[in-house]
Every structure is written in C-alpha cells, then in structure tokens.
Undergrad: 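Before anything else, here's the structure in question.
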Amino acid sequence: MKRTKINVLLRLDKPVGKVIIKGWIRTKRASKTFSFMEVNDGSCLKNIQVIANADIQNYSQIDTITTGTSVSIEGELVESPGKGQKWEIQASDIEIINIAPESFPLQKKRHSDEFLRTIAHLRPRTNKYGAAFRIRSEMVFAIHKFYNEKGFIYLTAPLITGSDCEGAGEMFRVTSLDPAQVKKQGKMDFRQDFFGRESSLTVSGQLPAEMFALAFGDVYTFGPTFRAENSNTSRHVAEFWMLEPEMAFCDLNENMDHGEELVKYLTRHALEKCEEDMALFSRFVDKSLSQRLDTIINKKFVRLSYTDAVEILKKAKKEFEFRVEYGIDLQSEHERFLAEQYFKSPVFLTDYPKEIKPFYMRMNDDGKTVAAVDLLVPMIGELIGGSQREERLEPLEKRMDEMNLPKNDYWWYLDSRKFGSVLHSGFGLGFERFLMMITGISNIRDVIPFPRTPGSIDF
RNA sequence: UCCCCAGUAGCUCAGUUGGCAGAGCAAUUGGCUGUUAACCAAUGGGUCCGCGGUUCAAGUCCGUGCUGGGGAGCCA
C-alpha cells in the first residue's frame, strides 16, 4: 500500500478507510493505555493526529518515540471526536523508522530565529520555516507560470562570466589555479587559468538577457547571483536569486507596468495558493502583514521622478540624518520615508542623475538624467532596480568612455547596438526580498534555505 | 568596513554594592482511560564565549580577541 500525504488526507470530506502515512513526530501525549501523536510530513503546515490504543501489536515500543522520530503508520482515517481537528488516524500498526534521541535540538516550543539559523539543516522541520520554504517553492513556480502565460522565453543565463564589470558590486573570482603555485610565483597568471583570463561568478544575468530580448522579444532569467560585498545587514546575502525580465520594444513606463503587474500577480498567487502558510505569518510573525499585502494588491503603485522625490524630501518636516540635495544617492532613511510614511505604498522612483547609475541606462533628453527605475516598498526598501537600456551605439560608447570601461571586453554587447538595435527595458527583482515582503520575515537569512554571508558557509 | 547591543544549563533568560550558580521550558524516570505546545511528581544537567589583567575574592570591574544581533554604507 502506498503512503498518502497528510495534506491530501486533511482535505477529504469523507472517510476513506485504511491509509498509510509516513513522516516525523512533532509531539506525543502518552498515557498507560493510549497515546496521541502528531505527525507532520511536510506536505502542509498542519499535523495529523494519530491515536494508538494499548491493544495494538507493538504498543510498548511507543514509549521510545520522541519528538523528531520518523514513523510509518497504518490505520483507519476516522472523524475525530476531539476538538481541534476534523480527522485523525486510529492506528493499527506503527513502525518506528528512526528514533531521534534526546540530543535532537528541536523542542516542542518556540525557538529564536538566531538559534534556528545555527541548525539550518533542521529548521525546515519547524512550522515557521516549513511554511516559509513551501511558499518559496510555490513562488518559484508562480514566476515561471506568469511568464509562461505571457509567452516569455526563459533564458538560463551563465553563472560564470568573463565580464569583469557588470556594474554591480564586488565579484567572486573563479579560478582553477593552484594556490600553492600562485604563492610561489607571487602573482596570478590568468593566461594559465582555466579560461585563459580572469573570470567570476555572475552578479546579474542582464547583459545576456538583453541579447536574448533582441532575438525573442520578451525573455526572463531567474537564477542565483553572487556578490562578494562585505555587507552585514538583514537584507543582504552573498548568494541570492534574482528574477530579471528583459523586453524589446518596451519603454520605461511599460517596464513599470510590467513590474507592478508581476508583483501583484505573485502576491495574489501566494495568498490564494498558500493560504494556510501565509496565515501563519500574518498571525504570528507580522501583525500588519495582511494590511500591507492588501495595499500591494489593490493600490496603484506611486510613480515619481527622482527630481520630484528630492523636492518632497526637502519640504518634509522630518529631520534626516543625511541632508537631501539634488544629485545625492538617496539614503535608506529617505527611501523608507517615501514608501512607509509619505505615500504608505510601493513607489516607483524614476529618472535618476546619470552619475549615480550604471553605463547601460538610457540617457534622457535633458542630458542629465537616465531612464532608471527603482521600486521602493515599505519594510524592504529596494525590491526592483531596472531601466530602459541605452539602445543607441554612440551614447552608449560615450558613457563607457566616461566611466573608463574596457570597451573591448564588451564587443559582443556593443554588437547588439550595431545590428538591428531596438529600444528595450528590463529590471531585476530580488527574489528573497520579495519573499520577505510577502511573509513579513525580517531577516533575509530566514527566507533562503542555507544562507551565505561573510564568514559563514556552514551547511 | 563603521557605530551600538549581547554572549550564564539543550532553549529563553535572571543574577542586587565584587562574597556558596538560579528560574521557566526541554530532557530523563514514574503516574494517569480522549489528549490538543496534555497534566501530576521526582531526578539529572554549568569551560558563566576565549585569553590576559586588577583584587583576599571576578559571572560581575579593566584590556583584548571571537561569535551573534540591530543600524549605516554597498545593493537585489
């Protein structure tokens, strides 16, 4: 007989007779002549209650069952006479697969997130992290569903890159050189390295995505990206997942339309398909979550130019630590003020001064600003960063010269502007930041299975 | 990388003016005929983060290192 998953059993509206479940004991309430056990198999947040009476064959072994023990249980699915659950299993046979001895660190009580991070290999067995990672999985699916329905092509961008500057942060070096040899020679000879030149882990799939957009029209990449920045904050990890759509014949406004539609679609999908798991977060993790998600789904996102934002911040009665002047890159406190206090809504900020943005963003007619866009959301900060790309060869080369970028290394990128170039736009959405937004989890290390941060690569 | 805070039992934490190391939960053992993070009773459990210093005496004071957290910068 095949096992049935607990989420299937709990959805039933009439008994189905004998079933087998397999999973892990969350808690046991034992007495001399009967025992209750709650079993979880990861298929859903809820446990199923199992009752074992003393007359079953191996009742004496139930003594040895502890929290964390893996079991296979055969029994009858019956309506539960007790309060708190509709169904329970009247056990006829309980097989103990593997005991979790007293050193098992998860107790049937609340643990701190900090402690659970030190046992990241076991935390998916808790309610909160079980829910978080089921939602994460569902959101990966929802992203592919969204783009599949829209007819986008999925590009699996390379993770190892020879572009030494994709315009975003420090990179991890990739090399097959022998460290002992390098030490002896006193330098790294990249001509002897695997690729014959310096190479790194990618910080973004944007440039490859642009190439594909100029062939397929609408494309997206979604995969891991890497930053070697020594950032120690609750919003940064060294390895994270980024979704990057790139669309030909699409200007900055249509880019924002797309971003807004995407964020609303994914949020709605989470609330509909992960109702039970999402409820855990609005009940126990973040009391203001429901209201925030409601705003995201129903309210039109604010759109505002950098120039106008600076004016608002200058006039604001609030005392900022850093003074606002045209030309500065906005500080966290400014972004938070706009999204959390002034508009109380997600805000698209557009048209930043060219000096604070990368080379590939399209120069506006004023010659001062570029067609950039950031989406600022309450509690998270920057969720999306994107732009309309510079599709004209001459302005692009001019910007690269101004920023001292090695044009030779980008010959293929510049080629795309020589052969049938069209206006196009795209953005990057930090997948973990999105998960933080919809769950209310306040540390990025808790929405990624095994976080990589400076000085920490356990698991 | 910078600023601030913390590190005491498996977990969460208390520890007064420097003077015998504590609680709750968990665990273990026993009890209990429908429990709901079950309940009742008993028992065991300590490198007070490491190193150095002050002192008759340091969990407590000083220096230093490490680890964790919050914030800033960088950004997604």
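Labels below follow one simple rule: chain letters A, B, ... track the order of the sequence lines, proteins then strands, and each chain is numbered from 1.
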Undergrad: Looking only at the side chain of Arg29(A) (C-beta and beyond, no hydrogens), which of the listed nucleotides U36(B), G34(B), C75(B) gets closest?
TA: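 Closest nucleotide to the Arg29(A) side chain: U36(B).
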Undergrad: Over how many whole Å does the gap from Phe115(A) atom CZ to G69(B) atom C1' extend?
TA: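 To the nearest whole Å, that distance equals 16 Å.
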Undergrad: For RNA chain B, determine which residues of residues 328-339 of chain A have any heavy atom closer than 4.0 angstrom to one of its atoms, and list them numerically.
TA: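 Only Asp329(A), Gln331(A), Ser332(A) qualify.
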Undergrad: Applying the Watson-Crick and G-U wobble criteria at under 3.5 Å, what pairs with A23(B)? Answer none if nothing qualifies.
TA: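 When the pairing criteria are applied, U12(B) turns out to be the nucleotide that pairs with A23(B).
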Undergrad: Between U47(B) and U43(B), how far apart are the P atoms? Round to whole Å, please.
TA: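 Here U43(B) and U47(B) have their P atoms 22 Å from each other.
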Undergrad: Under 3.5 Å, which donor-acceptor pairs do the side chains of residues 369-377 of chain A form with other protein atoms, sequence neighbours left out?
TA:
| unit_1 | atom_1 | unit_2 | atom_2 | d |
| --- | --- | --- | --- | --- |
| Thr369(A) | OG1 | Asn364(A) | ND2 | 2.9 |
| Thr369(A) | OG1 | Asp366(A) | OD1 | 3.1 |
| Thr369(A) | OG1 | Asp366(A) | OD2 | 2.7 |
| Asp374(A) | OD2 | Tyr352(A) | OH | 3.3 |
| Asp374(A) | OD2 | Lys357(A) | NZ | 3.4 |

Undergrad: Check whether the side chain of Arg110(A) and the base of A37(B) form a donor-acceptor pair under 3.5 Å.
TA: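 No, no donor-acceptor pair under 3.5 Å.
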Undergrad: Listed by chain and number, what are the salt bridge (Lys or Arg N to Asp or Glu O under 4.0 Å) partners of Lys150(A), not counting sequence neighbours?
TA: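 Here the qualifying residues are Glu261(A).
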Undergrad: Expressed as a whole number of Å, how far does the P atom of A76(B) sit from that of G7(B)?
TA: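 Their P atoms lie roughly 37 Å apart.
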Undergrad: What about His111(A): does its side chain form a donor-acceptor pair under 3.5 Å with the base of C11(B)?
TA: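 Counting by modelled atom types and ignoring angles, no donor-acceptor contact under 3.5 Å is found here.
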Undergrad: With sequence neighbours excluded, what pairs up with His111(A) under the ring pair (Phe, Tyr, Trp, His ring centres under 6.0 Å) test?
TA: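 His111(A) satisfies ring pair (Phe, Tyr, Trp, His ring centres under 6.0 Å) with Phe115(A) once adjacent residues are dropped.
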Undergrad: OP1 or OP2 of U36(B) sitting under 4.0 Å from any side-chain N/O of Arg26(A)?
TA: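 Negative; the distance criterion is not met.
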Undergrad: Can you tell me the distance, in whole Å, between the CD atom of Glu229(A) and the C1' atom of U1(B)?
TA: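 Taking CD of Glu229(A) and C1' of U1(B), I get 11 Å after rounding.
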Undergrad: Using the P atom on both, measure G44(B) against G52(B) and round to a whole Å.
TA: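 The same atom, P, in both gives a distance of 33 Å.
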Undergrad: Taking NZ, NE, NH1 and NH2 as the nitrogens, is one of them in Arg134(A) or Glu138(A) under 4.0 Å from a carboxylate oxygen of the other?
TA: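 A salt bridge is absent here (no side-chain N lies under 4.0 Å from a carboxylate O).
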Undergrad: Using the P atoms only, state how far A58(B) lies from G71(B), rounded to an integer number of Å.
TA: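 Their P atoms lie roughly 39 Å apart.
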Undergrad: Would you list the atom pairs, donor with acceptor, under 3.5 Å between side chains in residues 325-335 of chain A and any protein atom, with sequence neighbours excluded?
TA:
| unit_1 | atom_1 | unit_2 | atom_2 | d |
| --- | --- | --- | --- | --- |
| Glu325(A) | OE2 | Arg323(A) | NH2 | 2.6 |
| Glu333(A) | OE1 | Glu321(A) | N | 3.0 |
| Glu333(A) | OE2 | Glu321(A) | N | 3.1 |
| Glu333(A) | OE2 | Phe322(A) | N | 2.8 |
| His334(A) | ND1 | Gln331(A) | N | 3.0 |
| His334(A) | NE2 | Phe322(A) | O | 3.0 |

Undergrad: Quick one: does Asn53(A)'s side chain have a donor or acceptor within less than 3.5 Å of a partner on Asp55(A)'s backbone?
TA: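 No, because the side chain of Asn53(A) does not come within donor-acceptor range (under 3.5 Å) of the backbone of Asp55(A).
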Undergrad: When all nucleic acid strands are considered with a 4.0 Å heavy-atom cut-off, which category describes Glu88(A): base, sugar-phosphate, or nothing?
TA: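 Base contact.
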Undergrad: With both distances under 3.5 angstrom, what nucleotide forms a Watson-Crick or G-U wobble pair with C2(B)?
TA: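 Pairing partner, where one exists within any strand: G71(B).
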Undergrad: Using a 4.0 Å heavy-atom cut-off, does Pro81(A) contact any base of the nucleic acid, only the sugar-phosphate backbone, or nothing at all?
TA: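 Answer is base: heavy atoms of Pro81(A) come under 4.0 Å of a base.
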Undergrad: Does the pair Arg399(A)/Glu390(A) count as a salt bridge with the N-to-O cut at 4.0 Å?
TA: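 Between Glu390(A) and Arg399(A) there is no salt bridge, as every charged N stays at least 4.0 Å from the carboxylate O atoms.
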Undergrad: If you check every side-chain atom of Thr233(A), which of A72(B), G34(B), A76(B) has the closest atom?
TA: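 That would be A72(B).
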Undergrad: According to salt bridge (Lys or Arg N to Asp or Glu O under 4.0 Å), who are the partners of Arg235(A), at least two apart in sequence or on a separate chain?
TA: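 Counting only residues at least two positions away or on another chain, Arg235(A) forms no salt bridge (Lys or Arg N to Asp or Glu O under 4.0 Å).
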Undergrad: Nearest whole angstrom, please: distance from the P of U36(B) to the CE of Met37(A).
TA: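 Nearest whole value for this atom pair: 16 Å.
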Undergrad: In this structure, how many angstroms lie between the C1' atom of A76(B) and the CD atom of Glu170(A), rounded?
TA: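 After rounding, the reported distance stands at 16 Å.
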Undergrad: Is atom CZ of Phe152(A) surrounded by more than 12 heavy atoms (other residues, nucleotides or ligands) closer than 6.0 Å?
TA: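 Count over threshold, so yes.
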Undergrad: Please state the P separation for the pair C75(B) and G18(B) - nearest whole angstrom.
TA: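 These two P atoms come out 48 Å apart once rounded.
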Undergrad: Using the C1' atoms only, state how far U8(B) lies from C13(B), rounded to an integer number of Å.
TA: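 Roughly 9 Å separates the two C1' atoms.
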Undergrad: Give the B/S/- string for nucleotides 24-33 of chain B, one per nucleotide from 5' to 3', where a protein heavy atom under 4.0 Å of the base yields B, of only the sugar-phosphate yields S, and otherwise -.
TA: BBSSS---BS
Undergrad: Mind checking the C1' distance from C40(B) to G59(B)? Whole angstroms is fine.
TA: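 That atom pair is separated by 35 Å.
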Undergrad: Please name the nucleotide paired to U55(B) by Watson-Crick or G-U wobble geometry with both distances under 3.5 Å, or report none.
TA: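 Checking every strand shown, U55(B) finds no partner, since no pair has both distances under 3.5 Å.
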Undergrad: Rounding to an integer number of angstrom, what distance separates U36(B) and C3(B) when you compare their C1' atoms?
TA: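 The same atom, C1', in both gives a distance of 47 Å.
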Undergrad: Give a yes or no on whether a salt bridge exists between Lys86(A) and Glu79(A), defined as a side-chain N under 4.0 angstrom from a carboxylate O.
TA: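 Salt bridge flag = no for Glu79(A) with Lys86(A).
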Undergrad: If you assign each of Ile356(A) and Gly455(A) to its closest nucleotide in RNA chain B, which residue comes earlier from the 5' end?
TA: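 In this pair, the answer is Gly455(A).
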Undergrad: Considering residues at least two apart in sequence or located in another chain, which fulfil the ring pair (Phe, Tyr, Trp, His ring centres under 6.0 Å) criterion with Trp241(A)?
TA: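 Applying ring pair (Phe, Tyr, Trp, His ring centres under 6.0 Å) to Trp241(A) gives Phe222(A).
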Undergrad: Categorize Glu321(A) for me: base, sugar-phosphate, or nothing, with a 4.0 angstrom heavy-atom threshold over every strand shown.
TA: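 It contacts nothing in the nucleic acid.
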Undergrad: Once you apply a heavy-atom cut-off of 4.0 Å, does Leu429(A) come out as touching a base, just sugar-phosphate, or nothing?
TA: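 Nothing, no heavy atom under 4.0 Å.
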Undergrad: When you measure from the side-chain N and O atoms of Arg235(A) to the phosphate of C74(B), is any distance below 4.0 Å, counting only OP1 and OP2?
TA: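 Looking at the OP1 and OP2 atoms of C74(B), neither is under 4.0 Å from any side-chain N or O of Arg235(A).
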Undergrad: Between C1' on C74(B) and CG on Asp374(A), what's the gap in Å once rounded to a whole number?
TA: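 Value for this atom pair: 13 Å.
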Undergrad: Just jot down the salt bridge (Lys or Arg N to Asp or Glu O under 4.0 Å) partners of Glu355(A), sequence neighbours excluded, or say none.
TA: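 Once residues adjacent in sequence are excluded, Glu355(A) has no partner under the salt bridge (Lys or Arg N to Asp or Glu O under 4.0 Å) criterion.
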Undergrad: Distance check needed: G7(B) C1' versus Glu114(A) CD, whole Å only.
TA: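 In whole Å, G7(B) C1' and Glu114(A) CD are 12 Å from each other.
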Undergrad: Test of understanding: with ring pair (Phe, Tyr, Trp, His ring centres under 6.0 Å), list the residues that count as partners of Phe284(A), not counting sequence neighbours.
TA: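 Counting only residues at least two positions away or on another chain, Phe284(A) forms no ring pair (Phe, Tyr, Trp, His ring centres under 6.0 Å).
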Undergrad: On RNA chain B, nearest-nucleotide positions of Asn232(A) versus Glu38(A): which is more 5'?
TA: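 Upstream on the strand: Asn232(A).
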Undergrad: Where along residues 431-448 of chain A does a heavy atom come under 4.0 Å from RNA chain B, residue by residue in number order?
TA: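 Heavy-atom cutoff 4.0 Å gives Arg433(A), Asn443(A), Ile444(A), Arg445(A).
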Undergrad: Within the structure shown, what part of the strands sits under 4.0 Å from Gly84(A) by heavy-atom distance: base, sugar-phosphate, or nothing?
TA: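 Nothing, no heavy atom under 4.0 Å.
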Undergrad: Would you mind reading off the distance between Asn53(A) atom CG and U35(B) atom P, rounded to a whole angstrom?
TA: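 Distance check: Asn53(A) CG to U35(B) P gives 14 Å.
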Undergrad: From CZ of Phe322(A) over to P of G73(B), roughly how many Å is that when rounded to an integer?
TA: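 The distance from CZ of Phe322(A) to P of G73(B) comes to 6 Å, rounded to the nearest Å.
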Undergrad: Can you identify which nucleotide, out of G70(B), U35(B), C74(B), has its nearest atom closest to the Ser234(A) side chain?
TA: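 Of the candidates, G70(B) comes closest.
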Undergrad: Between the side-chain atoms of Ser231(A) and the base atoms of C75(B), is any donor-acceptor pair under 3.5 Å?
TA: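 No.
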Undergrad: Once salt bridge (Lys or Arg N to Asp or Glu O under 4.0 Å) is applied, do any residues pair with Asp218(A), and if so which ones, sequence neighbours excluded?
TA: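 With sequence neighbours excluded, Asp218(A) shows a salt bridge (Lys or Arg N to Asp or Glu O under 4.0 Å) to no residue whatsoever.
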